2 protein chains.
Amino acid sequence: MKLKIKQNILMEHLNYVIKGISNKNLIPILNCIKFELTNEGLSLTSTDNEIMINTFIKKDEIECIDTLGNIVVSGRYIYDIVKKLPNEIIDIEEVMDSKIYISTKNSSFNLNCNLVNDFPKIDLDESKNPIILSQKIFRNIINQTIFATSTQESRPVLTGLNIKINGNILECTATDSYRLASKKLELKQTMDENVNIIIPTRNLNELIKLLSDEDENINIHIFNNKIIFKFDTIIFMSKLINGTYPDTSKLIPNEFNTEITVNLKEFYNSIDRASLLTNEADKNTIKLNIDNNQIVLTSNIPEIGNVTEKVQILNMNNSDIRIAFSSKYIMDALRVLDCEEVKLLFNGEVKPIIIKNPQSDDIIQLILPIRTY
Amino acid sequence: MKLKIKQNILMEHLNYVIKGISNKNLIPILNCIKFELTNEGLSLTSTDNEIMINTFIKKDEIECIDTLGNIVVSGRYIYDIVKKLPNEIIDIEEVMDSKIYISTKNSSFNLNCNLVNDFPKIDLDESKNPIILSQKIFRNIINQTIFATSTQESRPVLTGLNIKINGNILECTATDSYRLASKKLELKQTMDENVNIIIPTRNLNELIKLLSDEDENINIHIFNNKIIFKFDTIIFMSKLINGTYPDTSKLIPNEFNTEITVNLKEFYNSIDRASLLTNEADKNTIKLNIDNNQIVLTSNIPEIGNVTEKVQILNMNNSDIRIAFSSKYIMDALRVLDCEEVKLLFNGEVKPIIIKNPQSDDIIQLILPIRTY
């Protein structure tokens, strides 16, 4: 393998594949990046066996393709070296004894390579009918739900995001069994077969770092045990979590005793302040009741002090509610709603709280109350 | 105590005193801020017994001084509360049972207070002949030397910055016994008595966060066991380290066998890249020699690979040098020199390396080589 490439171009693509390498991985080959140089261009691949990231640099972005070939080299070292090189043309050349020689005018590095055959082989098939979405919309769906996934390994299915597709409706659901976030989206296409899969949270967190803010598309190919995302120059593969995701459709009631509308930012800031006098050991409990057309939030840490916050109610059908909840969970839910006002729905102090945009049913945030009264 | 004050003004001053509180302090009173309200204004004080920070809000910056008095309250809680309150007028009032009541239109907090008499009493005297400097210049002196202080508690005097004054010459010195940074400055005043003190590094690091980038003055009052800095609205007290600072004046030779001038940025970047193939366990060793009017830097990690970097020499009296050093120490030294070119001075492979601005002897950076040849 021998080529010449501009530092900024190689760096851009190393920035993509470096995210496929876990720093904690004890298997050396999984800390590597595979370079494959063909007449079409340079392909870079990384994998930690849970995810795989591939990016392709087309031949017209490469200064000179001299000798074709493949090498596998430590990802962290090649990344740091290219990052610190000046923005000049870099020579990369495979030399004797499975080494690569990386050089610019004043710098020259020899790096030991790993065996190309030891690098995991991953099938990057395409499905017949991929889902096509704008990257921006797909990133939003993930951001608005993923925070509610569980970090507890005791129920592995809850450590991922559930994606269901029925016909042309895609629904993302995340729950840690204390709260649930769900978002529905109408696709421009109709799927022949229903989809019901679970994608690991950690893998999606790496994926969304690579997605752009623009309206460019992402193509999603779903298989039995893996999912492949194609966008820009990137192919991103994630394994799926085996198991059956709990049916959450019946958790969200259709009728509520109490419906209250408040300004989202005011409500968020009040909870944020009230949370200063809560303890994590005590589940960051805040109490809510209604007084004189205002929401009254209270919390306290006995040794330190107490707080009372008031939030103007904009709309209310019934003032009969007192309930307690985790400030952290409510703030997580409010943070992802991009609306000015927010609707709070209650069915009594032991029933779930629903938080939503008053104008839309697309996103539903459900939070279980904390029993204190 | 009872007053009304704008949130942004109180916040500005809480930002100063919060730096006097260590989060690790197990003695509750040392996590507190003392509020003292007089007819002249509001004084805020914090201390962890090693440093003390005081700031004063003049009466004309306070909306209303109602009842004079003193309170002592948890620094972290009052800081977080005021930070999250909207930029409105805040009411602060001492209420029954040694509590304070902090309120705005929609928020009200009760915080338990500590006993005013338990708060450490600290003498904030003035010396007759304070040193007067611009804050910017003083901050530069500290930044250019402090990184070379020791983090090893085995020789406490080396964990601080040495300040010596003889007549009108102020000299700052830091050393961890492997390297030394020293800066001289001509004062506009002459001191009657010689000064030779050691200020703890940690305390100076807190001080420089408070210093401005502007040319406003700082007044420095030196006592036997403490030093007091006065600037803007702030009084900052630090304890001094007891003990005799080593005499470093004879460490820096007057004559050198080899003098080399290079571009600072090029030399820094080359060392930065060469350091990628060094180990901390191996003291980040880089070898330097001269070849064909170029500095040649080499380093390697046997399992990973090796690197060669070349740096153009601008000026040289003698090419007879080969030496090894810690890349970290050289980079620390180069980072604080604000000049375009840098002069490297050598007396052979086991003698100290001196790095300096070719135009000035004010800052001297000395680094001991590593014996490898």
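Here is how names work: the chains are called A, B, and so on, in the same order as the sequence lines, proteins then strands, and each is numbered from 1. Predicted model only: the values in this text are computed from it and were never measured.
Using a 4.5 Å heavy-atom threshold, the side chains of A/I92 and A/L37 count as separate. Side-chain contact between B/F35 and B/V17: absent, with no pair of heavy atoms (C-beta onward) separated by less than 4.5 Å. Looking at heavy atoms from C-beta onward, B/I330 lies out of side-chain contact with B/I286 at the 4.5 angstrom threshold.
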TODO: Evaluate the side-chain contact (heavy atoms from CB on, under 4.5 Å) criterion for residues B/L344 and B/I295: first the C-alpha distance (whole Å), next the side-chain angles of each, then the deciding distance (0.1 Å), finally the verdict.
DONE: CA-CA 11 Å; B/L344 311 171; B/I295 286 182; 3.8 Å; yes
Task: Worked check of side-chain contact (heavy atoms from CB on, under 4.5 Å) between B/I102 and B/I78 - done: CA-CA 9 Å; B/I102 303 155; B/I78 188 107; 3.5 Å; yes
Task: Intermediate values then yes/no, side-chain contact (heavy atoms from CB on, under 4.5 Å), B/V311 and B/I271 - done: CA-CA 10 Å; B/V311 186; B/I271 293 190; over 6 Å; no
TODO: Show your reasoning for whether side-chain contact (heavy atoms from CB on, under 4.5 Å) applies to B/I260 and B/I321.
DONE: CA-CA 10 Å; B/I260 296 171; B/I321 184 68; 4.3 Å; yes
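Ranked by heavy-atom pairs under 4.5 Å with chain B, the list A/V307, A/I304, A/I100, A/L276 is led by A/I304.
Residue contact with chain A, scored on non-hydrogen atoms closer than 4.5 Å, is absent for B/L297. Of the two parts of B/P302, only the backbone, made up of N, CA, C and O, holds a non-hydrogen atom closer than 4.5 Å to a non-hydrogen atom of chain A.
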To see if you've got the definition right, give the donor-acceptor pairs under 3.5 angstrom between chain A and chain B.
from, atom 1, to, atom 2, distance (Å)
A/K84, O, B/R273, NH1, 3.1
A/K84, NZ, B/D272, OD1, 2.7
A/K84, NZ, B/D272, OD2, 3.4
A/N106, O, B/K310, N, 2.8
A/S107, OG, B/R273, NE, 3.0
A/S107, OG, B/R273, NH2, 3.4
A/S107, OG, B/E309, OE1, 2.9
A/S107, OG, B/E309, OE2, 2.6
A/S108, N, B/T308, O, 2.9
A/S108, O, B/T308, N, 2.8
A/S108, OG, B/T308, O, 3.4
A/N110, N, B/N306, O, 2.8
A/N110, O, B/N306, N, 2.9
A/N110, ND2, B/N306, OD1, 3.1
A/N112, N, B/I304, O, 2.7
A/N112, ND2, B/P302, O, 3.3
A/N112, ND2, B/E303, O, 2.6
A/N112, ND2, B/I304, O, 3.4
A/D272, OD1, B/K84, NZ, 2.6
A/D272, OD2, B/K84, NZ, 3.4
A/R273, NE, B/S107, OG, 3.0
A/R273, NH1, B/K84, O, 3.1
A/R273, NH2, B/S107, OG, 3.4
A/P302, O, B/N112, ND2, 3.3
A/E303, O, B/N112, ND2, 2.6
A/I304, O, B/N112, N, 2.7
A/I304, O, B/N112, ND2, 3.4
A/N306, N, B/N110, O, 2.9
A/N306, O, B/N110, N, 2.8
A/N306, OD1, B/N110, ND2, 3.1
A/T308, N, B/S108, O, 2.8
A/T308, O, B/S108, N, 2.9
A/T308, O, B/S108, OG, 3.4
A/E309, OE1, B/S107, OG, 2.9
A/E309, OE2, B/S107, OG, 2.6
A/K310, N, B/N106, O, 2.8

